[in-house]
Each structure stands twice: as C-alpha cells, then as structure tokens.
Amino acid sequence: MPHSQKSQPCKNEQGLQAQREAQGLAGALIPAAEEATASSSSTMKATPWSQPEEGSSSQEKNDPSTSQFLPHPESLFSNMLEKKVAELVKFLSVKYTTKEPVTEAEMLKNVIKEYRDHFPEIFMKACECMEMVFGIEVKKVDPISRSYVLTKMLDLTYDGRLSDDEGMPKTGLLILILGVIFMEGNRAPEEKIWKVLNTIGVHAEGKDFIYGECKKLITKDLVQEKYLEYRQVPNTDPPSYEFLWGPRAYAETSKKKVLEFFAKVSGSEATAFTALYKEALRDEEERAQAKIATKAKSSSFCPE
C-alpha cells in the first residue's frame with residue numbers, strides 16, 4: 001500500500017484530535033473571557049455607590065416590606081471586592097498609558113485601602129482582566145520593592161490605540177482572534193470569529209466601549225497592520241470570508257506562545273493539548289530552519 005494511503009487515516013485522526021482539543025480549550029476559555037470582560041465593563045461604567053438618605057436606615061430596619069429586599073452582607077462584601085477589582089484595572093490601565101511602573105504600596109494606598117487583607121485576590125483578578133481584555137501583562141520587576149511594569153503580551157508591538165494617551169489597549173482582542181484562527185485549523189470563517197466575540201459581548205454592529213468600531217478594527221485596521229488576513233473563500237456565492245494570521249503576527253509571536261497563553265487562562269498546561277502542541281512545536285522548528293536558511297543565504301553573499 002502506498003505510504004500516502006497509510007498515512008491518511010493517521011492524519012485524519014490527528015486532525016480530529018486537534019479539533020476536540022480546540023473545542024475543549026475554547027469551552028474553558030470563553031467563561032474566563034466573559035468574566036474578565038464583565039470586570040472591564042464595570043471599570044468603565046463604575047459609579048460611586050449611592051448613599052441612603054439620612055434617617056432612612058432605621059425605617060428600613062423596621063419595615064419588613066423593604067428589609068426583605070436588602071442585600072445580604074456577604075453579597076455586599078463580594079460586590080465591594082468586585083468594585084475594587086474594577087478600580088484596580090482602571091488604575092493599572094492609566095499606568096500603562098503613562099508608561100509608569102507601579103508598586104504594591106501605590107495600589108494599596110490609592111485603590112485597595114481598607115481591603116488590604118484581600119489584596120492578593122483582588123490583584124490576581126485584576127491581572128487576569130488586564131491580560132484577557134487588554135492583552136497587557138503585569139510583570140514583577142523588583143521583588144524587594146514589589147514593583148511591576150505593564151507590557152504588551154506575546155511580544156506583539158501594536159495595541160490599537162490612536163495615540164499614547166488616547167483609547168484603551170486592544171491587544172487582548174487580537175490575541176483572542178489569533179487563538180481562534182489557530183484552533184480552527186489556521187483559518188477561521190468570519191462567522192466563527194463573530195460567534196466567539198459575541199459570547200463576550202463584542203458585536204460587529206455599533207461601537208464597543210473598549211474596542212470602538214469592532215468590525216472596522218478587525219476587518220480593516222488589523223488587516224492594514226498585517227496582523228490578520230481577511231479574504232473571500234473561493235467559490236462561495238453569496239461570498240463568505242475567512243481570517244488567517246498575517247505576516248506581522250507570524251513575525252512577532254508564535255502558535256506556541258498563543259497556545260501557552262490560552263492554556264494558562266484555562267488553568268491547564270500547553271502540553272495537555274497534544275495535537276495542538278505538536279503543531280506549535282512543528283511551527284517553532286520550521287521558524288528555526290527558516291532563520292538558519294536565511295542566515296546562510298545572506299552570509300553566502302558577504303564578500304571575503
């Protein structure tokens with residue numbers, strides 16, 4: 001039997017395994033993205049809690065018709081922690097915009113305040129939100145002073161802001177799209193991209209409070225920046241479109257880095273997704289060989 005015929009079942013099996021792994025990874029990722037997006041939403045829309053009018057407290061205590069609707073103390077505490085997460089995300093976003101490092105002492109003084117005993121939990125959730133929504137990593141640079149810097153993730157150089165002091169970083173949306181494309185077999189139908197984005201409240205129509213005009217950002221801006229390719233699927237009528245990684249995405253990051261990020265967010269290790277991880281390693285090997293070939297080619301033209 002020809003080698004190609006024998007290898008075909010194995011290839012199909014690997015493809016099915018990669019598809020199952022992608023579905024499992026997406027299933028774990030979407031809830032995390034939804035939660036992070038909800039936190040960022042409350043960041044943008046947060047307003048100070050309204051205080052009860054003077055004298056209303058005793059009346060509510062004695063009036064069963066109102067007291068039965070009062071929130072439970074545990075619920076109030078949980079809401080306050082969520083509010084602190086939102087406030088810290090906003091504080092960190094400003095630090096990213098101004099390119100300033102931030103210390104734990106600053107965060108405690110300006111944001112956390114009387115909730116300092118809950119700082120580790122608040123800080124962890126705020127960092128997750130910064131990563132998932134904005135694509136910004138909060139990286140510790142000095143364990144003694146407990147200072148941090150905020151940098152774009154996965155070595156990407158573009159954050160989608162109009163200027164250094166205007167708009168919110170959009171790297172998180174790009175990372176999510178690159179991940180979906182990878183998990184869809186390196187090409188993702190446009191409807192699949194929007195289906196995933198819709199689950200986190202990002203839609204093609206209208207203007208998003210973080211990402212702006214999403215359709216323009218994804219189908220034009222990120223294409224012009226060469227992070228994405230957006231092309232018509234051949235022989236489709238009416239025409240349908242698909243997304244692929246653009247040359248700048250391949251130049252600045254890799255499938256391995258994207259998979260490691262998605263695995264981390266889902267609480268797993270990249271090696272747990274065997275088929276996807278093997279493809280990511282093949283991609284790394286091909287990149288290394290291409291660099292060697294390019295270096296050899298350039299050195300052959302160097303005069304002795």
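All residue numbers in this chain count up from 1 along the given sequence.
- Tyr241 and Ile181 fall within the same hydrophobic cluster, defined by Ile, Leu, Val, Met, Phe, Trp and Tyr side-chain heavy atoms under 4.5 Å apart, directly or through other members.
- Remark: side-chain polar atoms of Thr171 are not paired, donor with acceptor, to backbone N or O of Lys152 under 3.5 angstrom.
- Distance alone, capped at 3.5 Å, places no donor-acceptor pair between the Glu184 side chain and the Pro189 backbone.
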Original post:
Hey, mind stepping through Glu87 and Lys84 against salt bridge (charged side-chain N to carboxylate O under 4.0 Å, His left out) and telling me if it holds?
Top reply: CA-CA 5 Å; Glu87 289 176 359; Lys84 287 297 178 183; 3.5 Å; yes
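- A side-chain donor-acceptor contact under 3.5 Å links Arg287 to the backbone of Tyr250.
- For Arg146, the CZ atom sits in a loose shell: 12 or fewer heavy atoms of surrounding residues, nucleotides or ligands are nearer than 6.0 Å.
- Grouping the Ile, Leu, Val, Met, Phe, Trp and Tyr side chains by contacts below 4.5 angstrom, directly or via other members, places Val89 apart from Val149.
- Here the OG1-CG distance, from Thr97 to Asp159, works out to 8.5 Å after rounding to the nearest 0.5 Å.
- Using modelled atom types, no side-chain atom of Thr253 and backbone atom of Ala249 make a donor-acceptor pair closer than 3.5 Å.
- Taking the six-membered ring where the residue is Trp, Phe123 and Phe119 present parallel rings, their angle staying beneath 30° rather than reaching 60°.
- Considering only heavy atoms from C-beta on, Leu276 comes within 4.5 Å of Phe182 through its side chain.
- When all heavy atoms are compared, the tightest approach of Ala263 to Ala270 is CB-N, 3.6 Å.
- Under the 4.0 Å criterion applied to side-chain N and carboxylate O atoms, Lys215 and Glu190 are assigned as salt-bridge partners.
- For the residue pair Glu269 and Tyr277, no side-chain donor N or O sits within less than 3.5 Å of a side-chain acceptor on the partner.
- Interatomic distance, CD of Gln224 versus CG of Leu217, reported as 11.0 Å (0.5 Å rounding).
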Original post:
Between Val180 and Leu197, does a side chain to side chain contact (heavy atoms under 4.5 Å, CB included) hold up when you go through it step by step?
Top reply: CA-CA 10 Å; Val180 173; Leu197 296 183; over 6 Å; no
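- Put simply, CG on Leu156 and CD on Glu225 are 11.5 Å apart, with the number rounded to the nearest 0.5 Å.
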**OP:** Given side chain to side chain contact (heavy atoms under 4.5 Å, CB included), test Val133 with Tyr211 step by step and report yes or no.
**Re:** CA-CA 10 Å; Val133 179; Tyr211 304 120; 3.5 Å; yes
**OP:** List the steps, then state whether side chain to side chain contact (heavy atoms under 4.5 Å, CB included) holds for Cys127 with Glu137.
**Re:** CA-CA 7 Å; Cys127 290; Glu137 181 179 11; over 6 Å; no
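- Contact between Val258 and Gly179 at its shortest, heavy atoms only, is CG1-CA, 3.7 Å.
- If you chain together hydrophobic residues whose side chains sit under 4.5 Å apart, Val223 and Val233 never meet in one group.
- To the nearest 0.5 angstrom, Phe91 atom CZ is 5.0 Å from Glu106 atom CD.
- Of all non-hydrogen atoms in Thr103 and Ser145, the two that sit nearest each other are CB-O, 4.2 Å.
- Counting only heavy atoms from C-beta outward, the side chains of Arg282 and Glu279 approach each other to under 4.5 Å.
- Between Asp208 and Cys214 the shortest heavy-atom distance is CB-SG, 3.6 Å.
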Original post:
Between Lys256 and Glu260, does a salt bridge (charged side-chain N to carboxylate O under 4.0 Å, His left out) hold up when you go through it step by step?
Top reply: CA-CA 6 Å; Lys256 186 171 181 284; Glu260 287 172 344; 2.8 Å; yes
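- The neighbour count for Gln232 CD, taken as heavy atoms of other residues, nucleotides or ligands under 6.0 Å away, is above 12.
- When all heavy atoms are compared, the tightest approach of Val111 to Leu88 is CG1-N, 3.7 Å.
- Nearest approach of Lys255 to Trp245, heavy atoms of both residues: N-CH2, 3.7 Å.
- For the pair Met107 and Tyr148, the minimum side-chain heavy-atom distance is below 4.5 Å.
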**OP:** Given salt bridge (charged side-chain N to carboxylate O under 4.0 Å, His left out), test Glu191 with Lys195 step by step and report yes or no.
**Re:** CA-CA 6 Å; Glu191 57 268 24; Lys195 183 178 180 181; over 6 Å; no
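- Taking CG of Leu178 as the start and NZ of Lys257 as the end, the distance is 12.5 Å to the nearest 0.5 Å.
- By the rule that hydrophobic residues join a cluster once side-chain heavy atoms approach within less than 4.5 Å of another member, Leu244 and Leu259 end up as members of separate clusters.
- In this pair, Tyr227 and Tyr158 present their aromatic rings tilted. The plane angle is within the 30 to 60° band.
- Asn198 contributes a side-chain N or O that, together with a main-chain N or O of Trp194, makes up a donor-acceptor pair within less than 3.5 Å.
- Residues Met124 and Leu92 do not share a hydrophobic cluster, defined by chaining ILVMFWY side chains whose heavy atoms lie under 4.5 Å apart.
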Original post:
Does the side chain to side chain contact (heavy atoms under 4.5 Å, CB included) test come out yes or no for Lys170 and Asp221, once each step is laid out?
Top reply: CA-CA 11 Å; Lys170 301 172 178 64; Asp221 297 348; over 6 Å; no
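- Judged by distance alone, with hydrogens and angles left aside, the side-chain atoms of Glu121 form no donor-acceptor pair with the main-chain N or O of His118 at under 3.5 Å.
- In this structure, CE on Met183 lies 5.0 Å from CZ on Phe262, to the nearest 0.5 angstrom.
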